[in-house]
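One structure is given here, and the rest of the page talks about it.
Note that the coordinates shown come from a computational prediction; the quantities given were computed from them, not determined experimentally. Values below: every heavy atom of this structure, side chains too, minus hydrogens, waters and symmetry copies.
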Amino acid sequence: MTATELAILGGRKLRQSPFPASVTIGQAEKDAVMATMDSGVLSNYLGAWHKNFMGGPRVRACEAAWAAHFGADHALAVNSNSSGLIAALGAIGIGPGDEVIVSPYSMSVSASAPLFWGATPVFADIEPNMFCLDPEKVALKITDKTRAIIVVDLFGQPFDAQAFRALADRHDLKIIEDCAQAPGASLNGIPAGLLGDVGIFSLNYHKHIHAGEGGIIVTNDDEIAERVALIRNHAEAVVEAKGVTDLTNMLGFNFRMTEIEAAIAEQQLARLNHLLEQRWRNVALFESKMAGFPALKMPKVRPGAKHAYYVHACLWNAEATNISRDVFIDAVKAELPVFELREEEGVKLSYGYVRPLYRLPIFQARYNHGRAGNGKAAIETPHCPVVEDLHHRDLVTHEFIVPSMCESDIDDVVSAFEKVWHQRDRLNS
């Protein structure tokens, strides 16, 4: 085999050494953790109506920092974005018989969260170029049972807030914004997280910034904030002492963030703008170096939006080649290494994204969690042709734009695409 032979056909990989790990933890986070350890207070929550019901000093400082950074009236720390979605739905009063319109293309909890309150998720299709829920398709799904919409800022792209606000106002709906992938994104100057009624960020390890695990809920609605805080920390135990009379969904959980996670999250927030600038730099480098590459169309950014680029999502141009997307991308992946610290995840280049969520067993079987009543939920069999086309034919995603990538790393990625392109005919032989 020659040095130029495609790796997938037995040749040598274009790059052998792994890409550098995207590590955002530094001395500030280490110092904050050690100070927390030295304080002896690793959590300060009490599940009773007490000054510590809202958590310890690190949690409160973290929440204040996030509220100030995003210009929110309220920020509440939780132990994950998933918990935040569940708490937010509970806070707006979602319950049995209600419908919540959700995206079929996201992390599973973006669609399963309504099930925790006995409600029914209803899938609507997404935009073909910007990948968020399509407001026109959502409008067709609204019924007299619809109470909320969970919009996802997928891949870091802010959703069409103006169109959705018009829908929500017309039908008296709440908008829950899953902005796990979009910290620092914005639309017309309004930050992601505040484009709906309540927004939830993720702090798990592969997000823009992280605390290992964790989530932050932001809102300008006083009532939602109060009820989220109750649901986060055993609402049922404190509503009487607090004088809460509306007991709807006042069944609490332990969704609490630890003091150590809060200490890390506060320091990580200070890095967000710099890390976003590095992502924007790498996106610009990749797109300029791939300009004119026939088989990939670069992603569109919504007018007025600032994209956070959790991943770089491109579209396969099937008209430019007779090679299938999957065959071509497998060949490119064979030329490239993994990232350090994420070795077991494989090369961070994919065709498609997650499997459409309505194909998961919980939705295929049409059973509601907990088997309320006869155990069945009226989960409609969805018709989402855009999602199907993206998943099976059109979408290509990669993470070669993370801050740890330098220009020479991106050059290797571009060279891998070019190497496979020049020998693409061999993939059909």
Can you tell me how far CH2 of W316 sits from CG of D394, rounded to the nearest 0.5 angstrom? 11.0 Å
What I'd like to find out is whether the side chain of P20 reaches to under 4.5 Å of the side chain of D409, using heavy atoms alone. yes
Pair F53 + Y45: ring centers closer than 6.0 Å: no
Should the ring pair F19 and F339 be called parallel, tilted or perpendicular, given that the plane angle runs from 0 to 90° and is split at 30 and 60? tilted
I'd like to know whether R232 forms a salt bridge (charged side-chain N to carboxylate O under 4.0 Å, His left out) with E63, so could you lay out the CA-CA distance, the side-chain angles of the two residues, the decisive distance to 0.1 Å, and finally the verdict. CA-CA 14 Å; R232 168 179 71 176; E63 291 173 337; 2.8 Å; yes
Between I231 and A91, which heavy-atom pair has the shortest distance, and what is it? CD1-N, 3.5 Å
Kindly indicate, with the supporting measurements, whether the criterion side-chain hydrogen bond (donor to acceptor under 3.5 Å, both in side chains) is fulfilled by T24 and Q268. CA-CA 8 Å; T24 62; Q268 283 275 285; 2.9 Å; yes
Measure the CG-CD1 distance between L140 and I142 for me, rounded to the nearest 0.5 Å. 9.0 Å
Check for a donor-acceptor pair, side chain of W280 on one end and backbone N or O of H307 on the other, with a separation under 3.5 Å. yes
Output yes when a side-chain donor or acceptor of S80 lies under 3.5 Å from a complementary backbone atom of S83, and no otherwise. yes
Any donor-acceptor N/O pair, D178 side chain to A180 backbone, under 3.5 Å: yes
Are there more than 12 heavy atoms of other residues, nucleotides or ligands under 6.0 Å from atom CD of E345? yes
Under 4.5 Å between any side-chain heavy atoms of E388 and P356, yes or no? yes
For the CD atom on E223, are there more than 12 heavy atoms of other groups (residues, nucleotides or ligands in this structure) within a distance under 6.0 Å? no
Can D160 and R165 be counted as an ion pair, charged N to O under 4.0 angstrom? no
Scanning both residues in full, the closest heavy-atom pair of M37 with I260 reads SD-CD1, 3.6 Å
Mark yes or no for whether D98, through its side chain, and G95, through its backbone, hold a donor-acceptor pair below 3.5 Å. yes
Donor-acceptor pair, N249 side chain versus G90 backbone, under 3.5 Å? yes
Looking at K13, I want to see if its NZ is surrounded by more than 12 non-hydrogen atoms of other residues, nucleotides or ligands under 6.0 Å. yes
How about F159 and F164: are their ring centres within less than 6.0 Å of each other? yes
Euclidean distance, N188 CG relative to I190 CD1, rounded to 0.5 Å: 7.0 Å
Test ring-ring contact (aromatic ring centres under 6.0 Å, His included) on F328 and Y351; report intermediate values, then the result. CA-CA 10 Å; F328 187 90; Y351 34 79; over 10 Å; no
Any donor-acceptor pair under 3.5 Å linking the side chain of E177 with the backbone of G193? yes
Does Q16 CD have over 12 foreign heavy atoms under 6.0 Å away? yes
Tell me if the centroids of the rings in F286 and H398 come within less than 6.0 Å of each other. yes
Are any of the side-chain heavy atoms of M290 and V414 separated by less than 4.5 Å? yes
When you look at S324 and D326, which way does the side-chain hydrogen bond (donor to acceptor under 3.5 Å, both in side chains) test go after all the steps? CA-CA 6 Å; S324 80; D326 297 11; 5.5 Å; no
Distance (rounded to the nearest 0.5 Å) between L349 CG and K333 NZ: 6.5 Å
Against E127, only a single residue in R302, K300, K137 fulfils side chain to side chain donor-acceptor pair (under 3.5 Å); can you say which? R302
In this structure, CD1 of I101 is separated from OG1 of T120 (nearest 0.5 Å) by 12.0 Å
Has E259 got a side-chain atom pairing as donor or acceptor with R58's backbone, closer than 3.5 angstrom? yes
Is any side-chain heavy atom of N220 less than 4.5 Å from a side-chain heavy atom of L194? yes
Determine, step by step, whether R147 and D172 satisfy the salt bridge (charged side-chain N to carboxylate O under 4.0 Å, His left out) criterion, reporting the C-alpha distance in whole Å, the side-chain angles of both residues, the deciding distance to 0.1 Å, and the verdict. CA-CA 7 Å; R147 296 291 178 266; D172 192 23; over 6 Å; no
So for atom CD, which belongs to E136, do other residues, nucleotides or ligands contribute more than 12 heavy atoms lying within a distance under 6.0 Å? no
Neighbour count >12 (heavy atoms, 6.0 Å) for atom NZ, K207: yes
So which heavy atom on M257 is nearest to which on G215, and how close? CE-O, 3.7 Å
Is there a side-chain contact between N44 and P57 (heavy atoms, below 4.5 Å)? yes
Under 6.0 Å between the ring centres of F70 and F201? yes
Verify, without hydrogens or angle tests, whether R227 (side chain) and D222 (backbone) share a donor-acceptor contact under 3.5 angstrom. no
Can you check whether Y310 and F155 have ring centres sitting under 6.0 Å from each other? no
Distance in Å, I362 CD1 paired with S108 OG, rounded so as to fall on 0.5 Å steps: 10.5 Å
Just by distance, do the side chain of E335 and the backbone of A7 share a donor-acceptor pair under 3.5 Å? yes
Less than 4.5 Å apart, side chain to side chain, heavy atoms only: is that true for F400 and V347? yes
Compare every heavy atom of R256 with every heavy atom of L46, then report the nearest pair and how far apart it is. C-NH1, 4.5 Å
Less than 6.0 angstrom separating the ring centers of F123 and Y358, yes or no? yes
Expected output: side-chain R279 to main-chain Y309 donor-acceptor under 3.5 Å: yes
Report the C-alpha distance between R342 and E399 in whole Å, list the side-chain angles of each, state the deciding distance to 0.1 Å, and finish with yes or no for salt bridge (charged side-chain N to carboxylate O under 4.0 Å, His left out). CA-CA 12 Å; R342 298 179 70 181; E399 295 187 31; 2.9 Å; yes
Would you say the side chains of D221 and T219 form a donor-acceptor pair under 3.5 Å? no
Could you check whether S103 and S106, counting side-chain N and O atoms only, form a donor-acceptor pair closer than 3.5 Å? no
Which heavy atom of Q364 sits nearest to which heavy atom of R359, and what is that distance? CG-O, 3.3 Å
Evaluate whether atom CG of D169 has more than 12 neighbouring non-hydrogen atoms of other residues, nucleotides or ligands under 6.0 angstrom away. yes
Under-4.0 Å salt bridge between R271 and E29: yes
Audit row: H74, E226, side-chain hydrogen bond (donor to acceptor under 3.5 Å, both in side chains) steps and yes/no: CA-CA 9 Å; H74 306 277; E226 178 184 49; over 6 Å; no
Looking only at heavy atoms, which two atoms of A87 and V228 are closest? And how far apart? O-CG2, 4.0 Å
K289 atom NZ, over 12 foreign heavy atoms within 6.0 Å: yes
Flag the pair W421 / F417 as yes when their ring centroid distance falls below 6.0 Å, and as no otherwise. no
So, do V152 and M107 sit near enough that their side-chain heavy atoms are less than 4.5 Å apart? no
